[in-house]
Amino acid sequence: MALLAACAASSIAFASDSRPVPLAERIQGAEVVVVATPVSVDPSWRENAFGDRLIVSRYMLQVHETLKGRAAQAMSLDLDGGTLDGFTL
């Protein structure tokens, strides 16, 4: 399964006024856009600026095609959420 990763934005991005940001706008604002396949995922506990504990999953990606930005064979993408220690967020 290949995916399109606009690395400056998560899979669902919202503007400050809570409206969803269209994909074209996220791509325009991204530094790197690739077509890639996730090869592994590593969830970990992190703490945000408010002291909340969150699960953040780091996906290692095998890059098939670089659409924007500097080409790389592999890269990582951190996304909020995942399952760790019996908890799913």
Side-chain angles (χ1 to χ4, degrees):
M1 168 175 76
L3 64 97
L4 177 68
C7 295
S10 67
S11 59
I12 300 175
F14 292 90
S16 59
D17 61 3
S18 298
R19 68 174 171 82
V21 179
L23 179 60
E25 195 173 320
R26 288 186 284 164
I27 290 172
Q28 183 178 17
E31 291 181 25
V32 177
V33 178
V34 299
V35 176
T37 301
V39 293
S40 67
V41 61
D42 182 31
S44 63
W45 289 107
R46 304 222 188 133
E47 193 171 298
N48 67 12
F50 303 104
D52 301 318
R53 289 185 69 202
L54 306 172
I55 296 175
V56 176
S57 295
R58 172 163 286 173
Y59 290 85
M60 294 307 298
L61 306 174
Q62 176 186 358
V63 177
H64 303 290
E65 183 179 358
T66 300
L67 304 175
K68 180 180 177 183
R70 200 168 117 226
Q73 292 182 345
M75 60 189 316
S76 64
L77 176 66
D78 289 352
L79 294 176
D80 292 344
T83 300
L84 184 62
D85 301 329
F87 294 95
T88 300
L89 298 176

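The structure displayed is predicted, hence computed values, not measured ones.
Residue pairs meeting the salt bridge (charged side-chain N to carboxylate O under 4.0 Å, His left out) criterion with at least one partner in residues 41-64, sequence neighbours excluded, are Arg46-Asp78, Arg58-Asp78.
Under the 4.5 angstrom side-chain criterion for Ile, Leu, Val, Met, Phe, Trp and Tyr, Val56 has no cluster partners at all. Here Leu54 sits alone; no ILVMFWY side chain lies under 4.5 Å from its own, so it joins no hydrophobic cluster.
Nearest heavy-atom pair across Thr66 and Ala72 is OG1-N, 4.0 Å.
Every side-chain hydrogen bond (donor to acceptor under 3.5 Å, both in side chains) that Thr83 has, sequence neighbours left out, goes to Thr88. Partners of Glu65 by side-chain contact (heavy atoms from CB on, under 4.5 Å), not counting sequence neighbours, listed by chain and number: Val35, Leu67.
Of the possible polar contacts, one joining the Lys68 side chain to the Ile27 backbone as a donor-acceptor pair under 3.5 Å is found. The closest donor-acceptor contact from the side chain of Ser57 to the backbone of Gly81 lies under 3.5 Å.
When hydrophobic clusters are built by joining Ile, Leu, Val, Met, Phe, Trp and Tyr residues whose side-chain heavy atoms come closer than 4.5 Å, directly or via intermediates, Tyr59 is grouped together with Val32. Residues Met75 and Val41 share a single hydrophobic cluster, defined by chaining ILVMFWY side chains whose heavy atoms lie under 4.5 Å apart.
With rounding to the nearest 0.5 Å, the separation of CG in Leu79 from CD1 in Ile55 is 13.5 Å.
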*Given side-chain contact (heavy atoms from CB on, under 4.5 Å), test Trp45 with Asp85 step by step and report yes or no.*
CA-CA 10 Å; Trp45 289 107; Asp85 301 329; 2.8 Å; yes
